[in-house]
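Written below as structure tokens is the structure these notes are about.
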Amino acid sequence: MENKKIRVRFAPSPTGNLHIGGARTALFNWLYARHYKGTFILRIEDTDQVRSTEEAVNVILEGMKWLGLDWDEGPGKEGKYGPYYQMQRLPLYQKYTEELLKNKKAYYCYCTKEELTESRQKRTKEGKPLRYDRHCLNLSEEEKRRYEEEGRKPVIRLKIPAKKIVFNDLLRGEVNFEGELLSDFVIVKSDGIPTYNFAVVIDDALMDISNVIRGDDHISNTPKQILIYEALGFNLPKFAHLPMIMGSDHTRLSKRHGATSVMEYKEIGYIPEAVVNYIAHLGWSSGDEREIFSLEELVKEFSLDKISKHAAVFSIDKLNWFNSEYLKKRSVDSLVKMVIPFLKEANYIKEENLSPVKLEWLKEVIKLMQGRFKNFSQFIDYADYFFVDKIDIEPQAFQSVLNKEGISDILKALKEELSVLKCWDEKSIEDIVREIASSLQIKGGKIIHPIRVALTGKKIGPGLFELIVVLGQEKTIQRLEEAIEKLKVAETKK
RNA sequence: GCCCCCAUAGUCUAGGGGACAGGACACUGCCCUUUCACGGCGGCGACAGGGGUUCAAAUCCCCUUGGGGGCACCA
């Protein structure tokens, strides 16, 4: 066994959000590094000048931070292996390009897009593998000059040896490829910027990456990269290819499947630990029946051999369950803290700095709601009546529960009693409601539901009496009056 | 078309020659209950198919089928 220091990396290209799949790749790399007390590197692969943006870099960094995946080297944490943006590493790539050119392991290619397409079509027709026909492999200096004079800008291709390429994947065992079927692929584009396969190899080698852990969509890139390692005389890292994450229809996870980026989950109101816990279970299991793991526990338990080999379908139901579990375990105080930005966003509060009194009251609201919502957006939805002045009564609730014979009188009676209630506590309120019910010789439930609808506009929610306590006398009376008024209007319309 | 990877319920998974094929989500029945949720106790539901190997196959091998990925001057 090699006693090499573990160095792993997450190398996203900043062309969009940090999506669930990327986040899981990042997480597994991070867990691997932390488990083996190695180094976790974040490298930005921004060689696609058309699609890469600085905004996307920031979103990725934010996402990583939100998930709690800190990096030891990378943007903002320069180490001796930097820089960590590929576009800042151009001279490095150039050096190795020249080396390959000099050794005749790579060559200039002046073929145009049109010419390549044509040749590709021809090969398709002939039933041959789709690979470059090596038109430019042995160009004379004279021919090159002529192309240059035509204004053609060359790319550089790697000359692929016709041999078997075998590598040992840490998850899948031996994987074989036939070099003959590979094309002399481009390693440097005509603008002088290296392609992905070339840049990763140089970076992984120079950054001394010990284990390349990435999605299995890279399996077929691996033989190409191995050829580059060999051409350059670099040592090979170990490879581990993770199964993909897919949408419910078994196609690549995309917008059609709902929220796919990590930050969207933040915005909807998921707890980062829950997201991490869930995506950890997409393809990994501890081997026993536990499901809830903190980051620390994951670090302790994580190992590559417990990763499954087949793709996993992302399930929002299961994420919701994880989030609910975390929500239930969280202290009321921490939930208060987390919910405040959402209240602000919904305009339920003016600013995030709440007075001690307001804060105490909010705590009471959370106590009533804890366990009743799956994420903070849902909380905002379910608990709106605590925060708004005027509620909207759900039409269906109004018709089926409130707009019934005798309800108006009950609400009036309740209003009278509550208006003069001195002792605004659960017991006193319950006594009043129960008394009204028994005086009418009906069950408590019969009048509790309409009262709830009158006060909250909803058919569901916390226990009525505790809810009234927290709602407060003023709002309660006011809502009862409004409900009575609405019933009157409905009556005249009949 | 060619190459590669994969295959236990609707979903995530445990199990890797002898097990009642275990758990979780979802769905569902009952209990608790003023509603919803929580909680408790149940239920439905899987080894893709076919050949081998073996006393014995979900487990090992082969084929088929199915799914996924790749074959770019994207990463």
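Below, chains carry the letters A, B, ... as their sequence lines are ordered, and counting in each starts from 1.
- Taking 3.5 Å as the limit, the base of C4(B) and the side chain of Ser220(A) contain no donor-acceptor pair of atoms between them.
- Under the 6.0 Å distance and 45° angle rule, Arg372(A) does not count as a cation-pi partner of Tyr382(A).
- In terms of polar N and O atoms assigned as donor or acceptor, the side chain of Lys309(A) never comes within less than 3.5 Å of the base of A7(B) in a complementary pairing.
- Taking the ring axis of Phe28(A) as reference, the NZ or CZ atom of Arg24(A) stays within 45° of it and closer than 6.0 Å to the ring centre.
- Heavy atoms of Lys443(A) sit nowhere under 4.0 angstrom from any nucleic acid atom.
- Here the two rings, on Phe293(A) and His281(A), have centers that are under 6.0 Å apart.
- The base of A75(B) sits with one of its N or O atoms less than 3.5 Å from a complementary donor or acceptor on the side chain of Asn221(A).
- Between Phe314(A) and Tyr278(A), the ring center distance clears the sub-6.0 Å criterion.
- Both tests do not hold together for Lys144(A) against Tyr147(A): distance to the six-membered ring centre under 6.0 Å, angle to the ring axis within 45°.
- Positionally, the nearest nucleotide of RNA chain B for Phe314(A) lies more toward the 5' end than for the other of Phe314(A) and Arg434(A).
- Residues from residues 268-275 of chain A lying near RNA chain B, meaning a heavy-atom separation below 4.0 Å, are absent.
- Of all the residues in residues 367-376 of chain A, Gly371(A), Arg372(A) reach under 4.0 Å from RNA chain B with at least one non-hydrogen atom.
- Classified by interplanar angle (parallel below 30°, tilted 30° to 60°, perpendicular above 60°), the ring pair Phe167(A)/His241(A) is perpendicular.
- For Leu464(A) and Ile307(A), each mapped to the nucleotide of RNA chain B holding its nearest heavy atom, the one lying further toward the 5' end belongs to Ile307(A).
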